[in-house]
2 protein chains.
Amino acid sequence: MRNLRDKKTFWCYEKLSKCCCRLTKPRHAILDVLSATEKHLNAEQIYKSASRIEPNIGLATIYRNLELLVNIGLVWKFETGNSKTVYELAECRHESHHHHLICKKCNSIIDYSGFRDNEKDFIRRREEMLSKKYDFKIQNHCIDFYGLCAKCRNA
Amino acid sequence: MRNLRDKKTFWCYEKLSKCCCRLTKPRHAILDVLSATEKHLNAEQIYKSASRIEPNIGLATIYRNLELLVNIGLVWKFETGNSKTVYELAECRHESHHHHLICKKCNSIIDYSGFRDNEKDFIRRREEMLSKKYDFKIQNHCIDFYGLCAKCRNA
DNA sequence: GTCCTATTGAGAACTATTCTCATTAATAAA
DNA sequence: TTTATTAATGAGAATAGTTCTCAATAGGAC
């Protein structure tokens, strides 16, 4: 058996074991796949890539673990509106959080980050205000803009 | 045949006919249902309510027309993350646009509106900046906060 | 190494949504 | 008002993404 702790997804282990989750090979493969890309992958794509690492992995295991990883906050689940749910690694590595521009025609997703400080401040203040007003513990947010990308607008 | 133009969803007709859509009874029933509530309804709920107005309406018709209404901008489609897609009337009646607080546990949705001017300004400026930077025509946006509602936090 | 039980793989089951197609009805034209 | 055109419909089949079931496996505490 390979040593799971050698791998580049090491930073996830603390969180996993804190949540009393075993560090299984399928889990490991999924995290490897997600950490190897900046793209948003759907379950099928994750399944295909993970199968190259763990050939016998099952699709149900992919779904089960994605749900788990989303629940413990390691992965961010994201619905585009065309029935393809996609997943991406949460900002565990202190990479900048990002928002999305989604094309309603071709469903492509543009990430944008590089927020100015005033954007971060704005969101933080907003979250504070809403938390208080609605007695709601905010854990994260999703800011997406919908419209038409350059390609689709000119096509 | 009842006169469709008598009904309270009159304000939608201009848009519908502009888009060369016929003013059918099923469409009318769906708009009536959506305009009679402030809640977010899923397709099944809309089907049930619309069936009371048009008993023979089919579920496929509900889906077809919701898609149409979303495309022409009369209805806003909204995915909660637990596979229940919900719909609500867009702000055709100049009601204030709103954002959401979504409980990750019970999937309840709190609407909030009452934005201050600086929030509107902020979003407008952001949209301008993003449109230019990414050559992307922004049509609308979705700002949602995820977390735990008071009930679930204390349960 | 042994034990406990969380996790798995495989495939069936489920569910939301979309498709197909013959029939109906909204609208434009006569 | 009647007629013609064709968009829209209802019913049910089909699809696709996801979840469930259950016997077998394997992580990790001891």
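Naming convention: chains lettered A, B, ... in sequence-line order (proteins, then strands); numbering from 1 in each chain.
Residues satisfying the side-chain hydrogen bond (donor to acceptor under 3.5 Å, both in side chains) criterion with A:Glu127, sequence neighbours excluded, are A:His141. Applying the salt bridge (charged side-chain N to carboxylate O under 4.0 Å, His left out) criterion to B:Asp135, with sequence neighbours excluded, gives A:Arg153. With sequence neighbours excluded, no residue forms a salt bridge (charged side-chain N to carboxylate O under 4.0 Å, His left out) with A:Glu44. Residues satisfying the side-chain contact (heavy atoms from CB on, under 4.5 Å) criterion with A:Arg125, sequence neighbours excluded, are A:Asp121, A:Phe122. In terms of the side-chain contact (heavy atoms from CB on, under 4.5 Å) criterion, residue partners of A:Ile110 (sequence neighbours excluded) are, by chain and number, A:Leu101, B:Tyr134, B:Phe136.
With rounding to whole Å, A:His28 atom NE2 is found 12 Å from D:dG27 atom P. Between the CG atom of B:Leu23 and the P atom of D:dA7 there is a distance of 15 Å, given to the nearest Å. In this entry the distance linking CD of B:Glu79 with P of D:dT18 reads 11 Å, nearest Å. Atom CD1 in A:Ile46 sits about 13 Å away from atom C1' in D:dT18, given to the nearest Å. Atom pair A:Tyr63:OH and C:dG9:C1' shows a separation of 16 Å (rounding to whole Å applied). Rounded to whole angstrom, the span from the CD atom of B:Gln45 across to the C1' atom of C:dA16 amounts to 14 Å. Atom C1' of nucleotide D:dT19 and atom NZ of A:Lys77 are separated by 11 Å, given to the nearest angstrom. In this structure, B:Glu44 atom CD and C:dT18 atom P are separated by 14 Å, rounded to whole Å.
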Start with the C-alpha distance between B:Ile30 and B:Tyr87, add both sets of side-chain angles, then the distance that settles side-chain contact (heavy atoms from CB on, under 4.5 Å), and finish with yes or no. CA-CA 11 Å; B:Ile30 292 168; B:Tyr87 301 84; over 6 Å; no

Audit row: A:Leu89, A:Leu69, side-chain contact (heavy atoms from CB on, under 4.5 Å) steps and yes/no: CA-CA 9 Å; A:Leu89 220 48; A:Leu69 293 169; over 6 Å; no

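For residues 29-49 of chain B, the set of pairs meeting the ring pair (Phe, Tyr, Trp, His ring centres under 6.0 Å) definition, not counting sequence neighbours, comprises B:His40-B:His100. Identified under the side-chain hydrogen bond (donor to acceptor under 3.5 Å, both in side chains) test for residues 60-73 of chain B, with sequence neighbours left out: B:Arg27-B:Asn65, B:Thr61-B:Arg64.
Recorded end-axis angle for the helix from C:dG1-D:dC30 to C:dA30-D:dT1 stands at 50°, based on five pairs per end and rounded to 10 degrees.
Without hydrogens or angle criteria, B:Thr37 side chain to B:Leu34 main chain gives no donor-acceptor distance under 3.5 Å.
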Review item, nucleotides 2-5 of chain D N/O atoms under 3.5 Å of protein N/O:
none

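Residues B:Glu128 and B:Arg124 are paired through a salt bridge, judged by an N-O separation under 4.0 Å between the basic side chain and the carboxylate.
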At under 4.0 Å between heavy atoms, how does the protein contact nucleotides 9-16 of chain D? Give one character per nucleotide, 5' to 3', with B, S or -. BBBB----

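Distances shown here put every side-chain N or O of B:Thr85 at or beyond 4.0 Å from the OP1 or OP2 atom of C:dA16.
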